[in-house]
Amino acid sequence: AHEDLTARETCKAGFSEEGYTALISPDILQGERLLKVEFSSCLGSQGMQYETNSLDFKVGADGTVYATRELRIPSEQVAFTVTARDRRTAEQWDAVVRLLVAQTRSSHPGHKRGKKKDVTLDPSQPPRDMLLPWPPHQRSGGLRRQKRDWVIPPINVPENSRGPFPQQLVRIRSDKDNDIPIRYSITGVGADQPPMEVFSIDSMSGRMYVTRPMDREERASYHLRAHAVDMNGNKVENPIDLYIYVIDMNDNRPEFLNQVYNGSVDEGSKPGTYVMTVTANDADDSTTANGMVRYRIVTQTPQSPSQNMFTINSETGDIVTVAAGLDREKVQQYTVIVQATDMEGNLNYGLSNTATAIITVTDVNDNPPEFTTSTFAGEVPENRVETVVANLTVMDRDQPHSANWNAVYRIISGDPSGHFSVRTDPVTNEGMVTVVKAADYELNRAFMLTVMVSNQAALASGIQMSFQSTAGVTISVTDINEAPYFPSNHKLIRLEEGVPAGTALTTFSAVDPDRFMQQAVRYSKLSDPANWLHINASNGQITTAAILDRESLYIRNNVYEATFLAADNGIPPASGTGTLQIYLIDINDNAPELLPKEAQICEKPGLNAINITAADADVDPNVGPYVFELPFVPATVRKNWTITRLNGDYAQLSLRILYLEAGMYDVPITVTDSGNPPLSNTSIVKVKVCPCDENGDCTTVGAVAAAGLGTGAIVAILICIVLLLTMVLLFVVWMKRREKERHTKQLLIDPEDDVRDNILKYDEEGGGEEDQDYDLSQLQQPEALEHVLSKAPGVRRVDERPVGAEPQYPVRPVVPHPGDIGDFINEGLRAADNDPTAPPYDSLLVFDYEGSGSTAGSVSSLGSSSSGDQDYDYLNDWGPRFKKLADMYGGGEED
């Protein structure tokens, strides 16, 4: 069938199969034939040469594969490539040979091996019986050598078979089926274990079938066991092992791990520089051509400067540069389409897939920065700092905002004093010439700087700096009005205190730095705490305006400090300050003061003494040692007291007599300092003389007696204090009792007739809801006075005082009678109701009409008795508020 197919097709050289598979024993003898490969050549078999990539196997001229030495195969399979080469055309073809290692059972490994045979299902041929006889049993008739068990050759099944199914594989038969009926069965994965029913067997004939297409990538082999039993289920034969191998077909394309790969390479890289690696996997058998992947580059975009800038290792997938000329400034990125093809890259038979490799050309510092112009200019006022005076622009073709692009500026000449620095703008990469040290117009009117620019990163190897990387910068300094300054600031002078007013001390003058401007400087005081000094406004001469006192509160550490102002007449005016420090030398102008001013001593000498000293506001040598003396007048001082010198600053005052009566004594003492000339001062020490206990301390009674009070005076003072406290206590008790009596006092009249109670009833307003029923017509302006006067009695309010006759109100009697009170109120009420001119005139304040249904009685219901039997004298006890009622009703009847 194969020869017929070849005859029908166009002649094409190559192996009959892309791959060959055979089952072998783990032990192989030297020269043992394993399988035969078939090669078809259009020109015949002459001139063909076979080679392998394995040292253990060779191929004969007829295509037989044999072992070159005795081998022991440790693994389950071994694979190698057979190459057929045409000596005349140098063409070559490859095929993969895979040898599968089968397991054997042997009681004596050294015995000769039985025959083996591969059983391969060829889907192109019709099914036929491939008989696998059961191994014969060894009979026990005498001593004889036992042979190794037969090994059933494996069954090779190609994957992806199109059927029809079930498709017969082999037939298993026992030689005992001639005698008795036998039933066959298979067990194992693919039969009675998942995946279930991949293989089946006819229990009567022993024919084994595959029920569906196989997939090697799902499972590459199956191990089944065949069983033979009689009709009763009794075992007739021992189980035999069946190995089924799924033969790989090229049914899987290579798959890249990623559809897009990202890599990078430096610009200017030499040919052969590694870029990146792409990887594709093929699910087919990697030991055969079906799973052997080869790579190639399909396209490159852009094709500049060459269409083949990169190449790829066909086996490893490593992409490397193959040409020079990578320049990021021209091409920043390449897109490369990579194709992976199995069948060792055979585009005619292999399956392919593609992926994209994006290669970024990374920047290197191969472009030095260059100034856009060779000269720059700027201007700065003198004495100005942190000011940008010029912007230097550069151009760099490298990657922006990278170390290869970032500019670094350096002043190489023209600024020996360091007045300027050039800082880089991080956004624009410009150089900002900044003043860091103030320039003086009087010293430098202009600067000529030379600035060089470079990058943060060093230039690439072989790249030189450009002559345009250096530029000149001219900076002009403009003159401004500067403030005068005092050359000696702070200025210190020394003089004695006490110099008289008007004394010239010094000349404190300032200097105007503006030498090219004709300006005058005027002086004035800015700070003179004690107002001791005066300064000449024209020449700065300082004189005293008062006597300088070193002991003043304005002196700190013998130094008086004053601040003066010097101002010019420039436009705008400028001023400067200077401080004058005057160190005052002490003179002896302060007499010493005696300390302490008060003391106490025992009335008997020898128990204690008074330590005295002196305080002087002056300083050395106008202070101690001091001389302490008692004056001669009065004579009692030297008679009663004596002074003993302790040292230059201290002395002791003690009694000269044996006893001095307790009391207060004024003891004058004269103290003299050591100044030149010396000053003395007589001070009074108040000494309290008192009786003392055995420790030399004044007793309490003695201290009081010493204060000048006798025992009688002390007793009188204590009695007065007790009497005062007693009076205060009695007054408090009396106030408490009076307050209690006021709360418990009974009323003189019956509560029902208590006038005070009736007067306090003012919270009943009656009316209720009827009080809200107002007659708004009365709020209108009357058209005529007659209309107003003709209205019924009631409340009348108008917006302005009407013109008309005013009613006469009753005149209050001069001496009212208690019975006339009700009549007087009623008459006044009637007159007020009928008075159209009565205020208020704004009728919005209607509040005195409370409706006809009010439960409160009229004020006229207040009755008064004229019988005269009521006693109103108690009104006199209600205080001044009821004095008027008491006068009206408490006087009784007139005669």
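A quick note: this is a predicted structure, and the numbers were derived from the prediction, not measured.
Take D528 and apply the side chain to side chain donor-acceptor pair (under 3.5 Å) test, not counting sequence neighbours, and it matches K525, Y560. With sequence neighbours excluded, the residues satisfying ring pair (Phe, Tyr, Trp, His ring centres under 6.0 Å) with F486 are F508. Residues passing the side chain to side chain donor-acceptor pair (under 3.5 Å) test with Q581, sequence neighbours excluded: E561. With sequence neighbours left out, Y261 forms a ring pair (Phe, Tyr, Trp, His ring centres under 6.0 Å) with no residue at all. Partners of Y349 under the ring pair (Phe, Tyr, Trp, His ring centres under 6.0 Å) rule, at least two apart in sequence or in another chain, do not exist in this structure. With sequence neighbours excluded, the residues that form a side chain to side chain contact (heavy atoms under 4.5 Å, CB included) with A323 are M309. In this structure F256 satisfies the ring pair (Phe, Tyr, Trp, His ring centres under 6.0 Å) test with no other residue, sequence neighbours excluded. When the side chain to side chain donor-acceptor pair (under 3.5 Å) test is applied to E370, the partners found at least two apart in sequence or on another chain are S466. Evaluation of the side chain to side chain donor-acceptor pair (under 3.5 Å) rule for N391 yields no partner, not counting sequence neighbours. A483 meets the side chain to side chain contact (heavy atoms under 4.5 Å, CB included) test with A574; sequence neighbours excluded.
A donor-acceptor pair under 3.5 Å is formed between the side chain of E497 and the backbone N or O of R550. In terms of modelled atom types and a separation under 3.5 Å, the side chain of E159 and the main chain of M249 share a donor-acceptor contact. Of the possible donor and acceptor atoms, none in the side chain of K330 sits under 3.5 Å from a partner among the backbone N and O of P305. Within the 3.5 Å criterion, the main-chain N or O of T503 finds no donor-acceptor partner in the side chain of T543. The backbone N or O of I542 sits nowhere less than 3.5 Å from a side-chain atom of Y523 that would complete a donor-acceptor pair. A donor-acceptor pair under 3.5 Å links the side-chain atoms of T321 to the main chain of G272, judged by distance alone. Between the D342 side chain and the L351 main chain, a donor and an acceptor come within less than 3.5 Å of each other. A donor-acceptor distance shorter than 3.5 angstrom exists from the side chain of N429 to the backbone of W405, with no hydrogens or angles considered. Judged purely by atom type and a 3.5 angstrom limit, D86 has no side-chain atom pairing as donor or acceptor with the backbone of M48. No donor-acceptor pair closer than 3.5 Å links the side chain of Q519 to the backbone N or O of D512.
Between the side chains of D251 and N160, at least one donor N or O sits under 3.5 Å from an acceptor N or O. D248 and N290 share a donor-acceptor pair across their side chains, judged by distance under 3.5 Å alone. For the residue pair S402 / N404, no side-chain donor-acceptor distance below 3.5 Å is found, with atom types taken as modelled. Looking only at atom types and distance, the side chain of E217 has a donor-acceptor partner in the side chain of N252 under 3.5 Å away. Judged by distance alone, the side chains of S352 and T341 do bring a donor and an acceptor atom under 3.5 Å apart.
Using a 4.5 Å heavy-atom cutoff, the side chains of I463 and P368 are in contact. Looking at P302 and V331, their side chains come closer than 4.5 Å, going by heavy atoms from C-beta outward. At a threshold of 4.5 Å between non-hydrogen side-chain atoms, the residues L580 and T506 count as touching. Side-chain contact between N455 and N406 is absent, with no heavy atoms from C-beta onward closer than 4.5 Å. Counting only heavy atoms from C-beta outward, the side chains of N53 and T83 never approach each other to under 4.5 Å. Residues T424 and Y409 form a side-chain contact, since some pair of their non-hydrogen atoms from C-beta on lies under 4.5 Å apart.
Note: T393 OG1 to D425 CG = 12.0 Å, rounded to the nearest 0.5 Å.
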Item to check | CA sep, side-chain torsions, deciding dist, call: F39, W93, ring pair (Phe, Tyr, Trp, His ring centres under 6.0 Å) | outcome: CA-CA 9 Å; F39 183 85; W93 297 263; 5.2 Å; yes
Checklist entry - Can F57 and F80 be said to form a ring pair (Phe, Tyr, Trp, His ring centres under 6.0 Å), step by step? => result CA-CA 9 Å; F57 302 96; F80 54 92; 4.7 Å; yes
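The one candidate from I337, V338, L347 that meets the side-chain contact (heavy atoms from CB on, under 4.5 Å) condition with R296 is L347.
Applying the side chain to side chain donor-acceptor pair (under 3.5 Å) rule to pairs touching residues 264-278 yields D266-T362, Y274-T277, T277-D318, sequence neighbours excluded.
A salt bridge links E386 with R423: at least one charged nitrogen is closer than 4.0 Å to a carboxylate oxygen. The pair R397-D366 does not meet the salt-bridge criterion, since no charged nitrogen lies less than 4.0 angstrom from a carboxylate oxygen.
Minimum heavy-atom separation, P487 to A510: CD-CA, 4.3 Å.
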Identify every side-chain donor-acceptor pair in residues 441-450 under 3.5 Å, counting partners at least two apart or on other chains, and give the distances.
{"residue": "T450", "atom": "OG1", "partner": "S413", "partner atom": "OG", "Å": "3.0"}

